[in-house]
Amino acid sequence: MVKVYKELNDILLVNLNIKEASLENGDAFKAEIIKLFDKYHKSIAINMSAVEYIDSSFLGSIVSAFKHLISFQADVVLVGLSKDITNLFALTRLDKVFKIYNSFDEITNQ
Amino acid sequence: MAQLASKQFLLPNTRQSIKPSVQEVLDFVINSLPASVNAEGISFKIEVIIIELLTNGIKHAGTIETFLDVTINEDNINIDKKDFGNRFHPGNITSLLVYDVGHRELLTKDGLHSMYAVVESDTQIRFVCEEENGDEVLDVTNLMEHFGLLIITKSSDTFTYKYDVDTGLNTFSVIIDLN
C-alpha cells in the first residue's frame with residue numbers, strides 16, 4: 001500500500017497506492033508507516049494523489065501515525081490531496097496540524 | 001414546507017458497498033435539488049455525511065442492511081439512517097434517563113474541537129460541535145482520532161440520534177438547510 005519513492009537526507013518520500021482510504025485499510029496503513037519510520041528514522045511525506053475517497057477511520061489512522069512520529073521528533077507531511085480531501089481536512093481543521101504540499105517538488109525545492 | 005422528492009434506500013452494511021451506496025444516494029439528491037441551490041457545495045456535504053453514517057453503521061450497528069430515508073424539501077434536505085442493530089452509546093453515556101433535558105455531555109475534546117451530546121428527551125440526543133479558539137499552542141499528542149460524529153455534525157445544521165425502546169429502532173437524523 002505504501003511504497004518508498006525517494007529517500008532524502010531529512011525526509012522519506014512515499015506514495016500511497018490506494019484509491020479508497022477507509023476503515024478497511026486504515027490499520028494496515030498506520031502499521032506500514034510506523035514500520036517505515038522504524039527502518040529510516042526520519043519524517044515521512046505521503047503522496048496521496050491516487051486517493052479518491054477517504055473516511056473518518058482512515059483520517060484517524062493518519063493522525064495516529066502522525067502522533068507516533070511526533071513523539072520521536074519526526075513529522076508526517078501530506079502531498080497531493082484532491083479537492084474533496086482538502087475540504088475534509090479543512091472541515092476537521094486538520095489542515096492546521098499537518099504540513100500539506102501540492103507535490104514532492106515543493107518539498108525538495110525548499 | 002413543500003416536499004420536492006423522497007426516497008427510501010435499503011443499503012448493504014458492508015465496507016465494500018459504501019462507495020456505490022454513496023454514489024446512488026448522491027445522484028438522487030443532486031437530481032432532485034431545486035435549480036437555485038449550489039449543487040457543488042451540497043454534494044460535498046452529502047457525500048461525507050453518507051460515508052460517515054454508513055461507516056458508523058458498520059462499526060456499531062451489527063446489522064446486514066441499513067435504511068436511508070432521504071427527503072428533499074424546498075428549504076432543507078433530511079437524511080434519516082435507520083437500523084434495528086445495537087443501541088448507540090456515544091462517549092460514556094449508557095442511559096439518557098439519568099440526565100435532565102438540555103444537559104450537555106462532553107464526548108470528546110482536543111485543541112481543535114469539543115463535541116457534546118445535548119439531551120433532548122429520554123430517547124434523543126443532538127450532537128453539537130464547538131471549535132476551540134486556538135489561542136494556546138496546539139497539543140498534537142492530545143488530538144482525537146475518531147472523526148465520524150464530528151464530520152457529520154460540522155457538515156449538517158442539525159444531527160440527532162434517537163432510540164426507540166419499544167421497537168429497538170436506531171434513527172440518526174441529519175438536516176441540511178438549503179437557504
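In what follows, chains are A, B, ... by sequence order, proteins preceding strands, each numbered from 1. Just so it is clear, the model here is predicted, and its values are computed rather than measured.
- The shortest distance between side-chain heavy atoms of A/Phe66 and B/Leu143 falls below 4.5 Å.
- Put simply, the side chain of B/Glu40 reaches to within 4.5 Å of the side chain of A/Lys83, judged on heavy atoms.
- Put simply, the side chain of B/Glu52 never gets that close to the backbone of A/Asp55: no donor and acceptor are under 3.5 Å apart.
- If you measure heavy-atom distances from A/Ile62 to chain B, you find no contacts under 4.5 Å at all.
- For a residue to count as touching a neighbouring chain, one of its non-hydrogen atoms must lie under 4.5 Å from one of that chain's; by this rule B/Ile51 touches chain A with the side chain only.
- At a 4.5 Å heavy-atom cutoff, the contact between B/Val48 and chain A is made by side-chain atoms alone.
- For the set A/Val63, A/Leu94, A/Leu23, the entry with the most heavy-atom pairs within less than 4.5 Å of chain B is A/Leu23.
- Residues A/Ile85 and A/Met1 are members of one and the same hydrophobic cluster, defined by side-chain heavy-atom contacts under 4.5 angstrom among Ile, Leu, Val, Met, Phe, Trp and Tyr.
- Surrounding CG of B/Leu10 are more than 12 heavy atoms belonging to other residues, nucleotides or ligands, all under 6.0 Å away.
- For B/Lys59 and A/Ser57, the side-chain atoms include at least one donor-acceptor pair closer than 3.5 Å.
- Within 6.0 Å of NE2 in B/His146 there are 12 or fewer heavy atoms belonging to other residues, nucleotides or ligands.
- Both B/Ile46 and B/Phe28 belong to a common hydrophobic cluster when Ile, Leu, Val, Met, Phe, Trp and Tyr are linked at side-chain heavy-atom distances under 4.5 angstrom.
- Within a 6.0 Å radius of CG in A/Asp27, no more than 12 heavy atoms belonging to other residues, nucleotides or ligands are found.
- With chain A as partner, the option from B/Lys154, B/Gln16, B/Glu131 having the largest number of non-hydrogen pairs under 4.5 angstrom is B/Glu131.
- Hydrophobic cluster membership differs between A/Phe58 and A/Ile34, with clusters built from Ile, Leu, Val, Met, Phe, Trp and Tyr side chains linked at under 4.5 angstrom.
- Comparing B/Ile58, B/Val22, B/Ile18 by heavy-atom pairs within less than 4.5 Å of chain A, the highest count is held by B/Ile18.
- Side-chain atoms of A/Arg93 come within 3.5 Å of backbone atoms of B/Glu132 as a donor-acceptor pair (strictly under, hydrogens ignored).
- A/Leu16 and A/Val77 are assigned to two separate hydrophobic clusters, defined by single-linkage of ILVMFWY side chains at heavy-atom distances under 4.5 Å.
- To the nearest 0.5 Å, the span separating NZ on A/Lys67 from CG on B/Asp139 amounts to 9.0 Å.
- Summarising the geometry of B/Phe44 relative to A/Asp84, their closest heavy-atom pair is CE1-O, 3.4 Å, with the distance given to 0.1 Å.
- Both the backbone and the side chain of A/Leu59 come within contact range of chain B, with heavy atoms under 4.5 Å apart.
- Looking at every heavy atom in both residues, B/Lys19 comes nearest to A/Glu20 through CD-OE2, 3.1 Å.
- Atom CG of A/Leu88 and atom CD1 of B/Ile151 lie 4.5 Å apart (nearest 0.5 Å).
- At a 4.5 Å heavy-atom cutoff, the contact between B/Glu47 and chain A is made by side-chain atoms alone.
- Of the atoms belonging to A/Ser22, not a single heavy atom falls under 4.5 Å from chain B.
- Contact of B/Leu112 with chain A is made through backbone and side chain together, with heavy-atom distances under 4.5 Å.
- Cluster membership for A/Leu12 and A/Ile100, using ILVMFWY side-chain heavy atoms within less than 4.5 angstrom, is shared.
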Test side-chain contact (heavy atoms from CB on, under 4.5 Å) applied to B/Ser155 and A/Leu91, step by step: CA-CA 8 Å; B/Ser155 300; A/Leu91 181 77; 3.3 Å; yes
